[in-house]
Amino acid sequence: MSLYYVQKFLFELNRSEELQARYREDRSAVLDPYELTEEERAALIEPDIGLLFHFGVNGQILMHFAALHKIEWSDYLQAMRDGVERHGPVREGVYAVTGYEGVDAHSAELGQAPAPPGAAAERAGGQ
Amino acid sequence: MALVFAGVASHAPGITGRSDRADPEVRDRFYAAYHEMAAAMRRTEPDALIVVAAEHFANFFMNNMPSFAIGMADFYDGPIEDPEWLGIDRVRVPGDRDLSRRLIERVMHHSDVSYAEEWKFDHGIMVPLHFLTPDYDLPVVPANINCQGPPLTPLHRAWTFGESLRAAADAVPERIALVGTGGISHWPATPDSGKINERWDREFLDRWTRNDRSALLDYDDGAIYRDAGQGGFEIRTFVAVSGAAGGATGTVHFYAPIPIFAVGCTIATYDLAGPGGAQGPVGGQRTAGEVGS
Ligand SMILES: [Fe+2]
C-alpha cells in the first residue's frame with residue numbers, strides 16, 4: 001500500500017504532456033520508477049477509477065486522470081461511488097478521516113434529504 | 001503604501017467550465033456580483049493584486065509541501081488544466097518579482113513562507129482572475145495556503161499569515177489589493193460533488209463579516225470535514241483575509257449554493273475605510289515587526 005507513490009505518479013502525469021505521451025505508448029513501463037503494489041499498478045493501467053478512489057487518491061488529482069481517459073464527468077463521479085460500494089470505504093488519506101458511507105447516508109448526517117432520482121445528473125455538473 | 005482592498009470570492013472549475021449547465025438566473029447574478037467586485041477593486045486603484053489561494057496539486061505536492069508559499073516571478077502561466085475543460089484560455093499572467101520579493105521579506109518577519117520563482121496557476125487562481133482582471137492587466141502576487149494535503153496549518157496560523165500580509169502591504173509603496181479564494185463547504189471531485197451545506201456556510205459568513213477572530217478560529221478540521229467537506233479546509237484563505245483586514249467588518253454581496261458549480265458561490269468584501277479597517281491588524285504583532293526590522 002503506497003498511496004503516496006500512486007498520487008505522485010498521477011501528479012506528475014497531470015503536469016507533463018511528455019509523460020502522458022509515454023503513458024499512452026506503454027502504460028506499464030512508465031510505472032516502473034514508482035514504488036507500487038501489483039494492485040496499484042493494475043488500477044493505474046486499467047484504469048480503475050473506483051479502486052483508485054478506494055485507495056484514497058485525492059479527487060483533485062484523480063479527476064484529471066479521468067479526463068485524460070476521456071471519462072465524462074458524470075461517469076467519473078459514478079465510478080467513485082461504485083468503487084466505494086464494491087471495495088468498501090476509502091482506505092487512507094484525506095477521505096478516510098471519518099470513513100465514508102455513501103452519498104445518501106452522508107446527506108442524512110448533514111440533515112439533508114437524500115438525493116432524489118435524477119439528482120446525480122444535477123450533481124454531476126459540479127466539481 | 002497600504003492595503004486598499006480586501007475581499008473573498010469562490011473558485012471552482014465548474015464556474016467557468018460548466019456555466020451552460022447552471023440556472024441562468026442565479027448564475028448571471030453571481031457573475032454580476034463577481035464583476036461588481038472587480039469594479040470595486042479597480043476603484044481603489046491598486047498597483048498589484050495578492051491572491052490568497054488553495055491550489056490543488058498543480059505546483060505543490062506531498063514530497064515537499066509548504067504550508068504557506070508566495071510567488072516571486074515576473075509572470076505566471078495558466079491554467080495548468082485543459083483550457084477547454086476549464087473554459088479559460090491559456091495565458092501568461094503578469095507578476096512583479098521585485099514587489100513579491102519585498103513583500104516576502106516583510107511577511108517573513110511573522111510567518112515562515114516558502115517562495116516560488118515558478119508557479120503554474122490552476123483553476124483556484126484562474127477562475128477569480130477570469131472575473132477580476134479579465135484582461136490580465138494587473139500584476140498578480142500569488143500566495144498559497146496548503147488546504148489539500150494534511151497535516152494542514154492550524155487556522156490561527158492562517159490568521160497570522162493574513163496579518164503578516166497586511167503588515168507587508170502597508171510597508172511597500174504600492175497600493176495592494178487582496179483577494180482570498182476558497183470554499184466554503186463543498187466536496188469537490190468526490191462522490192459527494194455538488195453537496196453544499198448552506199446553513200454551515202451562512203454561519204461561517206456571519207463570523208467572517210463580523211470579523212470575529214475567536215469565532216473564526218473556533219473550528220477543528222474533524223468537524224470541518226464532517227460538516228463542510230474537504231473543500232471546507234479552504235476556509236483558511238478566508239481566515240487569512242480576515243486577519244489582514246484588522247478590525248474591519250465586511251459585507252456579503254452574494255451567496256447562493258449552485259450545485260452544478262459544486263460550491264456555495266460567494267462574493268464578500270471588508271470595508272477597510274470603515275471603523276477598524278484602516279488601522280491594520282490589532283495587537284502587538286506589527287509593533288514587534290517594527291522592532292524586529
Ligand atoms: Fe479549491
Side-chain angles (χ1 to χ4, degrees), chain A residues 3-5 7-8 10-12 14-17 50 53-54 57-68 70 73-74 76-85 90 93-107 109-112 115 119-127, chain B residues 11-15 17-22 54-63 80-82 84-86 120 122-124 148-150 152 185-200 221-231 233 257-263:
Chain A
L3 176 62
Y4 172 77
Y5 286 105
Q7 296 198 107
K8 185 170 186 205
L10 292 173
F11 165 73
E12 291 181 346
N14 288 342
R15 285 172 57 87
S16 166
E17 283 174 21
F53 184 72
H54 166 73
V57 174
N58 193 295
Q60 300 286 357
I61 294 173
L62 192 57
M63 69 175 170
H64 298 301
F65 185 58
L68 182 74
K70 306 283 176 215
W73 184 253
S74 323
Y76 162 63
L77 298 182
Q78 193 55 47
M80 289 187 290
R81 292 181 189 125
D82 293 346
V84 169
E85 190 131 314
V90 174
V94 68
Y95 309 123
V97 174
T98 59
Y100 181 73
E101 276 79 46
V103 176
D104 289 343
H106 190 193
S107 294
E109 237 173 71
L110 294 173
Q112 298 178 354
E122 160 79 1
R123 274 201 298 261
Q127 185 274 140
Chain B
H11 68 254
I15 291 173
R18 300 184 183 86
S19 62
D20 55 324
R21 292 167 73 173
E55 73 133 38
H56 318 79
F57 307 111
N59 302 273
F60 307 118
F61 187 66
M62 278 74 83
N63 60 342
I80 195 167
E81 297 96 339
D82 179 2
E84 215 172 298
W85 177 82
L86 186 58
K120 291 195 187 333
D122 74 1
H123 69 270
Q148 308 297 343
L152 308 177
S185 70
H186 62 313
W187 283 260
T190 72
D192 287 276
S193 176
K195 193 166 279 176
I196 293 157
N197 190 343
E198 180 172 353
R199 197 173 46 186
W200 195 90
D221 280 340
I224 290 174
Y225 182 78
R226 189 187 64 230
D227 299 331
Q230 88 284 354
F233 296 152
I258 303 182
I260 213 116
F261 294 168
V263 67

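To find a chain, count down the sequence lines: A is the first, B the second, and so on, and within it residues start at 1.
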_Residue A:Glu17 versus chain B: region with a heavy atom under 4.5 Å_ =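 When you check distances to chain B, only side chain atoms of A:Glu17 fall under 4.5 Å.
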*Does any heavy atom of chain B fall under 4.5 Å from the side chain of A:Asn58, the backbone, both, or neither of them?*
side chain
*Check whether the side chains of B:His56 and A:His64 place a donor and an acceptor atom closer than 3.5 Å, and report yes or no.*
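No - no donor-acceptor pair under 3.5 Å links their side chains.
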Given a strict heavy-atom distance threshold of 4.5 Å, which part of [X] is in contact with chain A: side chain, backbone, both, or neither?
{"X": "B:Asn59", "value": "both"}
{"X": "B:Ala58", "value": "backbone"}
{"X": "B:Ile196", "value": "backbone"}

*Under the 3.5 angstrom rule, does the side chain of B:Asn197 hit a backbone N or O of B:Asp227 as a donor-acceptor pair?*
yes
*Hey, what do you get for CZ (B:Phe233) to CD1 (B:Ile224), rounding to the nearest 0.5 Å?*
6.5 Å
_As an exercise, state the distance from CG of B:Asn63 to CD of A:Gln7, rounded to the nearest 0.5 Å._
12.0 Å
_Suppose we call two aromatic rings close when their centres sit under 6.0 Å apart. Are A:Tyr4 and B:Phe61 close by that rule?_
yes
*Of the listed residues (A:Ile61, A:Asn14, A:Leu10), which shares the most heavy-atom pairs with chain B below a 4.5 Å separation?*
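Top count of heavy-atom pairs under 4.5 Å with chain B: A:Ile61.
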